[in-house]
A.B. asks: 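After the structure tokens below, expect a handful of questions from me.
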Amino acid sequence: MAWSRIARGSQLTQSLSRIASEGAAAATPAASALRNAAALGHHRASPSPSAFHSLAFAGLADKYAAATATATGLLQQSRAITTTPPTLRPAAATAAECSDADDSSSPSATAMAVPDLGPTRPGEKPRVVVLGTGWAACRFLKDVDTRAYDVVCVSPRNHMVFTPLLASTCVGTLEFRSVVEPVSRIQSALATRPGSYFFLASCSGIDTRRHEVYCTVAECDGLPSKPYNFKVSYDKLVIASGSEPLTFGIKGVAENAIFLREVSHAQEIRRKLLTNLMLSENPGLSEEEKKRLLHCVVVGGGPTGVEFSGELSDFITRDVRERYAHVKDYVKVTLIEANEILSSFDVGLRQYATNHLSKYGVNLVRGVVKEVKPTEIELSDGSRVPYGLLVWSTGVGPSQFVKSLPLPKSPGGRIGVDEYLRVPSVDDVFALGDCAGFLEETGRSVLPALAQVAEREGRYLARVMGRIAAQDGGKAHCAGRADLGEPFVYKHIGSMASVGRYKALVDLRENKDAKGVSMAGFVSWVMWRSAYLTRVVSWRNRFYVAVNWATTLVFGRDNTRIG
């Protein structure tokens, strides 16, 4: 009778409590285990593995799983996502056994009774879980062999952003969809293969002993709980969660500045810019208020800050002066940098960029921001800079998620990896992109947070995963004996940056001290556009970008404010 109650889907904890109480007279090991499970489920605590190992018959775990799944109702149309605590072998046993032997008769209890994608079963392909959809993650997803692995991607966004062209979307040179690529187009297995998934969520934690990642959906209207939590088991884990903008702890930056890392940031910049242009024409505004509204300040003189300043200057020169004639003389762009702009470029190129930006109306200010207020910036020398739009582009650093992980760190706070991009202190975990850096014991310096670095790491790791699978090391704890081939070596192929008005910088040297091609001007601008057009992920987006460029050249930029 007890088992029929569970199968009918009554409340799990109540059912187990009744079973335990009704079977109290027969003090069998199974009854004792059921009482323990019911009590632990009531208190939402972590069950002891021994509670399940003490069950007298092998089918009990499956019946317990079915009862849990029915009680929560989360199995409907869920493509194998269950509420069953995943069946995991103890770490020591799994490390010793790299075969597909089924150990489901001795399941290990998990830390949280939440919906899960449990461990891969015997005979199934190993599962690689990828955290992130940036350059490194998407290059890995594109190249990974889906005949050897099932792939699960977890990220709070379902697309990759082609960041080199993001600044162009802020002023209407390009449309937003031209610089984004859905991950399902990058790796079609995520949408078509039965064992591969994309989960729209953020990773909140990793249990490297149990081979689980814990995920959270914060904005979850329509889901059973808020926030909505679930977990995913992995055989191999790739952490490519990216980085966060650096604010250096300066007061007011997060509240008042707009970063330029996501499409949502570019949309906000464009909306703010056009709003200020239109509001400045309203009657009753003082001259001082008009100047403040139309003062665009960019903090950070790296490639992103310089390219945005150049695009903004070009937008003002070509479009604003024609379409906002009443306030055209109030529009101003200021670029604030603590040192020199484009410090990674050749000295001659830096001077060219400085002269060009100054010629077309960008005011270059050398200073350090002390505090950011809603309408003005205070510099360390005491001067104040009023603004209507503030864009913050001072580099990136480790995210709070990366900082919270109990993994070794490289200099600078990134996740420490060896020369094969493995996290050496744990099994089956790799890290790449902006969130990873070489450990000091490797004797290598931490690579810069560049798209080309991340992309090459993703391509390299896909090859490594292929070698591991070819040697039957795809399952958890089974890659220790695999030959990974040559270690990862990065060779810089150069840098490019647009400065507006059909001019750009091209520096093809391996480093600042090496010899090579460095040039600036119109030819460099043609090279810049050609290079990025060929690097856009899909032919669809290449077509979009080419059409957008042609449309802007002929008709100018669109100044419609939407939203």
Side-chain angles (χ1 to χ4, degrees), residues 91-92 94-96 98 128-132 134-137 139-140 203 205-211 213 234-244 246 344 395-469 471 473-474 476-493 510-514:
T94 310
C98 289
V128 55
V129 174
V130 182
L131 305 181
W135 281 85
R139 185 65 204 208
F140 174 81
C203 182
I206 301 171
D207 189 333
T208 56
R209 186 178 65 85
R210 296 182 183 274
H211 275 52
V213 294
Y234 65 85
D235 291 298
K236 299 290 184 285
L237 176 64
V238 178
I239 305 174
S241 55
S243 54
E244 290 182 352
L246 286 174
S344 62
V396 295
S399 65
Q400 291 300 317
F401 167 69
V402 168
K403 292 177 182 178
S404 69
L405 294 177
L407 299 175
K409 299 296 192 296
S410 69
R414 301 187 193 178
I415 299 172
V417 295
D418 63 12
E419 59 271 23
Y420 297 99
L421 305 182
R422 300 174 298 185
V423 181
S425 62
V426 293
D427 289 335
D428 303 318
V429 179
F430 301 80
L432 59 162
D434 292 357
C435 69
F438 288 122
L439 291 165
E440 286 185 292
E441 48 263 36
T442 64
R444 303 184 181 189
S445 59
V446 176
L447 296 174
L450 298 176
Q452 59 177 294
V453 175
E455 185 183 27
R456 292 192 201 179
E457 288 179 341
R459 183 190 309 160
Y460 169 82
L461 186 58
R463 293 198 300 267
V464 169
M465 287 292 191
R467 295 179 66 93
I468 292 174
Q471 300 172 64
H477 299 287
C478 296
R481 299 186 295 270
D483 177 17
L484 304 184
E486 295 295 325
F488 176 75
V489 177
Y490 170 71
K491 183 178 180 181
H492 187 65
I493 60 174
E510 188 173 344
N511 55 64
K512 290 192 296 185
D513 300 323

A.B. asks: To the nearest 0.5 Å, how far apart are CZ in Phe488 and CZ in Arg463?
C.D. replies: 9.0 Å
A.B. asks: Taking atom CD as the centre, does Glu440 end up with more than 12 heavy-atom neighbours from other residues, nucleotides or ligands that are less than 6.0 angstrom away?
C.D. replies: no
A.B. asks: Quick check: closest heavy atoms across Ala136 and Ala240, and the distance to 0.1 Å?
C.D. replies: CB-CB, 4.3 Å
A.B. asks: Rounded to the nearest 0.5 Å, how far apart are OH of Tyr490 and CZ of Phe438?
C.D. replies: 11.5 Å
A.B. asks: Would you name the heavy atoms of Val128 and Met465 that are closest together and state the gap between them?
C.D. replies: CG2-CE, 4.2 Å
A.B. asks: State, yes or no, whether a side-chain contact exists between Leu131 and Ile206 at a heavy-atom distance under 4.5 Å.
C.D. replies: yes
A.B. asks: Under a 3.5 Å distance rule, please check whether Arg456 uses its side chain to pair with a backbone N or O of Lys491 as donor and acceptor.
C.D. replies: yes
A.B. asks: May I ask you to decide if the ring planes of His477 and His211 are parallel, tilted or perpendicular, using 30° and 60° as cut-offs?
C.D. replies: tilted
A.B. asks: Measuring from atom CZ of Arg481 to atom CG of Asp483, what distance do you get when rounded to the nearest 0.5 angstrom?
C.D. replies: 13.5 Å
A.B. asks: Find out whether Pro487 and Arg444 are in side-chain contact, i.e. whether some heavy atom of one side chain is under 4.5 Å from a heavy atom of the other.
C.D. replies: yes
A.B. asks: For residues Leu407 and Ile239, determine if any side-chain heavy atom of one lies less than 4.5 Å from a side-chain heavy atom of the other.
C.D. replies: yes
A.B. asks: Under 3.5 Å, side chain of Tyr420 to main-chain N/O of Gly485, donor-acceptor pair present?
C.D. replies: yes
A.B. asks: Please report the shortest heavy-atom distance between Ala137 and Val130, naming the atom on each side.
C.D. replies: CB-CG1, 3.8 Å
A.B. asks: From Leu484 CG over to Tyr460 OH, what is the distance, rounded to the nearest 0.5 angstrom?
C.D. replies: 6.5 Å
A.B. asks: Could you check Arg209, Arg210, Lys236 and say which one makes a salt bridge (charged side-chain N to carboxylate O under 4.0 Å, His left out) with Asp428?
C.D. replies: Lys236
A.B. asks: Using side-chain contact (heavy atoms from CB on, under 4.5 Å) as the criterion, point out the one residue from Leu237, Asp235, Val238 that pairs with Val129.
C.D. replies: Leu237
A.B. asks: Using a 3.5 Å distance criterion without hydrogens, assess whether the side chain of Arg139 forms a donor-acceptor pair with backbone atoms of Glu457.
C.D. replies: no
A.B. asks: Looking at every non-hydrogen atom in both residues, tell me the closest pair between Ser425 and Pro408 and how far apart they are.
C.D. replies: OG-CD, 3.1 Å
A.B. asks: Whether the side chain of Glu419 engages the backbone of Thr442 through a donor-acceptor N/O pair (distance < 3.5 Å, no angle test) should be reported.
C.D. replies: no
A.B. asks: Just so I know, are the side chains of Arg422 and Val464 near enough to count as touching, which here means a heavy-atom distance under 4.5 Å?
C.D. replies: no
A.B. asks: For a 4.5 angstrom cut-off between non-hydrogen side-chain atoms, does Val417 reach Leu432?
C.D. replies: no
